[in-house]
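Presented below is the structure to which this report refers.
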Amino acid sequence: MSKLIDGKAISAAVKQKVAEGVAELKSKGITTGLAVIIVGEDPASKIYVANKKKACEALGIISQEYALPAETTQEELLALIDTLNNEKSINGILCQLPLPRHLDEKAIINAISPEKDVDAFHPHNVGRIMIGDYDFVPCTPAGIMEMLEYEGIDPAGKTCVVIGRSNIVGKPMGMLLLHKNGTVTICHSRTQNLAEVCRRADILVAAVGKANFVTADMVKDGAVVIDVGMNRDNGKLCGDVAFDEVAKKASAITPVPGGVGPMTIAMLMKNTLTAARRQNGLN
Ligand code: GUN
């Protein structure tokens, strides 16, 4: 049976450190502020935003929520971002995705000042990740790297396979593993012999968005398995990995819930603290 990687415990440790950092800034008269923009009524987005707000409050970060109606125009949203870009008390700006279809997501991401882009979605920050010189990392891959480090799992020299090539998870995940000297393969819907490729992995990251997609026959004995999925299977929350059968083969595995999910918010808090430090000339 594999070791369970406890995202709740590791995220609590990260958040504790962030709270200390926020308090240290406060002792210097510096506040830490995050603006969260949500447009429309997407129920999942509303829950995510509420959780982000709650985490801010627990750590001493000032959160400002902008809940805008679904009919908000591109111009109105851009005007709000421009105001927040110029607001000194706001260190981080997050616009919850997905946006309603009439809004141009790319243009909105590009409008957020790279210094306040705590999601690390702006092309400036994406480019910096590519060259390994970055302040912000997208929260999910950053959280996974934090988990590996906490567990003493070093990707150096290991075969790392990421399933999924999204801009938010798969691609930056691959880059972060590469920066830690992993040998990285990114798989996707057109990958041939997927099971065979996955079976080579010492570290397997599943970011597919399909319940129970990764089965035991796709996993090498002793592999570390990270499950980014957040799916519903007959109403029950589950990941991308068929947990029960894969746990018998893996050396370590993240559960869903309680694995990668809690890490994502913790890393957002960490990015927000980094933003506040940088904007005040601190390392
Ligand atoms: N929607 C789902 N995940 C995320 C995220 O990490 N950041 C933002 N802004 N929107 C999301």
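The residues of the chain are indexed from 1 along the displayed sequence.
- At distances below 3.5 Å, at least one donor-acceptor pair connects side-chain atoms of His122 with backbone N or O atoms of Asn110.
- Between Leu80 and Thr72 there is no side-chain heavy-atom pair separated by less than 4.5 Å.
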Inset, instruction - Under the side chain to side chain contact (heavy atoms under 4.5 Å, CB included) rule, what do Asn271 and Cys139 come out as? Steps first, then yes or no, please. - result: CA-CA 8 Å; Asn271 280 346; Cys139 301; 3.9 Å; yes
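- Looking only at distances, no side-chain donor or acceptor of Gln96 sits under 3.5 Å from a matching main-chain atom of Ile38.
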List, one per line, each side-chain donor-acceptor pair under 3.5 Å for residues 53-66, sequence neighbours excluded.
from, atom 1, to, atom 2, distance (Å)
Gln64, OE1, Tyr66, OH, 2.4

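- Using modelled atom types, no side-chain atom of Ser45 and backbone atom of Glu41 make a donor-acceptor pair closer than 3.5 Å.
- When hydrophobic clusters are built by joining Ile, Leu, Val, Met, Phe, Trp and Tyr residues whose side-chain heavy atoms come closer than 4.5 Å, directly or via intermediates, Val161 is not grouped with Ile226.
- Listed for the Asp202 side chain is no donor-acceptor partner under 3.5 Å among the backbone atoms of Val224.
- Residues Val126 and Ala120 share a closest heavy-atom pair of CG2-O, 3.9 Å.
- Taken together through direct or relayed side-chain contacts under 4.5 Å among Ile, Leu, Val, Met, Phe, Trp and Tyr, Ile144 and Phe121 form part of one hydrophobic cluster.
- Scanning all heavy atoms of the two residues, the minimum distance from Lys15 to Ala266 falls at CG-CB, 3.8 Å.
- The CD atom of Glu245 sits 7.5 Å away from atom CG of Asp217, with the distance rounded to the nearest 0.5 Å.
- We find the CD-OG distance between Gln279 and Ser113 to be 7.0 Å, quoted to the nearest 0.5 Å.
- Summarising the local packing, CD of Glu149 is surrounded by 12 or fewer heavy atoms from other residues, nucleotides or ligands at distances under 6.0 Å.
- Looking only at distances, no side-chain donor or acceptor of Thr191 sits under 3.5 Å from a matching main-chain atom of Leu194.
- Contact of the Val18 side chain with the Val22 side chain is registered, since non-hydrogen atoms from C-beta on lie closer than 4.5 Å.
- Between the OG1 atom of Thr83 and the CG atom of Leu78 there is a distance of 10.5 Å, given to the nearest 0.5 Å.
- Residues that satisfy the side chain to side chain contact (heavy atoms under 4.5 Å, CB included) test with Asn234, not counting sequence neighbours, are absent from this structure.
- Minimum heavy-atom separation, Met263 to Ser11: SD-N, 3.5 Å.
- Side-chain atoms of Arg165 and Arg190, non-hydrogen and from C-beta on, do get closer than 4.5 Å to each other.
- A donor and an acceptor atom, one from each side chain of Gln74 and Asp104, are nowhere located under 3.5 Å apart.
- For Val219 against Ala223, the heavy-atom pair with the smallest separation is CG1-CB, 4.0 Å.
- Of the possible polar contacts, none joining the Thr254 side chain to the Ile5 backbone as a donor-acceptor pair under 3.5 Å is found.
- Between the side chain of Asn193 and the backbone N or O of Glu196, no donor-acceptor pair lies under 3.5 Å.
- Between atom CE of residue Met230 and atom OH of residue Tyr48 there is a gap of 5.5 Å, rounded to the nearest 0.5 Å.
- Formation of a donor-acceptor pair under 3.5 Å by the Ser251 side chain with backbone atoms of Gly222 is found in this model.
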Which donor-acceptor pairs under 3.5 Å do the side chains of residues 170-186 make with protein atoms, sequence neighbours left out?
from, atom 1, to, atom 2, distance (Å)
Lys171, NZ, Asn167, OD1, 2.8
His179, NE2, Ile129, O, 2.7

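- Pairing each heavy atom of Lys116 with each of Asn85, the nearest pair is NZ-O, 3.0 Å.
- For the pair Leu97 and Leu99, the minimum side-chain heavy-atom distance is below 4.5 Å.
- Cluster membership check: Val260 shares its hydrophobic cluster with Tyr150, using side-chain heavy-atom separations under 4.5 Å among Ile, Leu, Val, Met, Phe, Trp and Tyr.
- Legend: residues meeting side chain to side chain contact (heavy atoms under 4.5 Å, CB included) with Ala247, ordered by chain and number and at least two apart, are Met1, Ser2, Phe243, Ile253.
- The side chain to side chain contact (heavy atoms under 4.5 Å, CB included) search around Asn231 returns Ala211, Cys238, Asp240, not counting sequence neighbours.
- There is a path of hydrophobic side-chain contacts, each under 4.5 Å, that joins Ile109 to Val137.
- Contact check for Ile108 versus Ile37: no side-chain heavy atoms found under the 4.5 Å cut-off.
- Without hydrogens or angle criteria, Lys158 side chain to Asp154 main chain gives a donor-acceptor distance under 3.5 Å.
- Separating the OG1 atom in Thr272 from the CE atom in Met267 is a distance of 11.0 Å, to the nearest 0.5 Å.
- For the salt bridge (Lys or Arg N to Asp or Glu O under 4.0 Å) test, residues two or more places apart in sequence or in another chain that qualify with Lys270 are Glu146.
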Inset, instruction - May I have the step-by-step check of side chain to side chain contact (heavy atoms under 4.5 Å, CB included) for Asn280 and Leu25, ending in yes or no? - result: CA-CA 9 Å; Asn280 286 282; Leu25 289 186; 5.6 Å; no
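- The two residues Asp135 and Arg278 come nearest to each other via the heavy atoms OD1-NE, 2.9 Å.
- Linking Ile, Leu, Val, Met, Phe, Trp and Tyr residues whenever their side-chain heavy atoms come within less than 4.5 Å places Met130 and Val162 in a single cluster.
- Between the Asp119 side chain and the Leu94 main chain, no donor and acceptor come within less than 3.5 Å of each other.
- Between the CD atom of Glu76 and the CD atom of Glu71 there is a distance of 9.5 Å, given to the nearest 0.5 Å.
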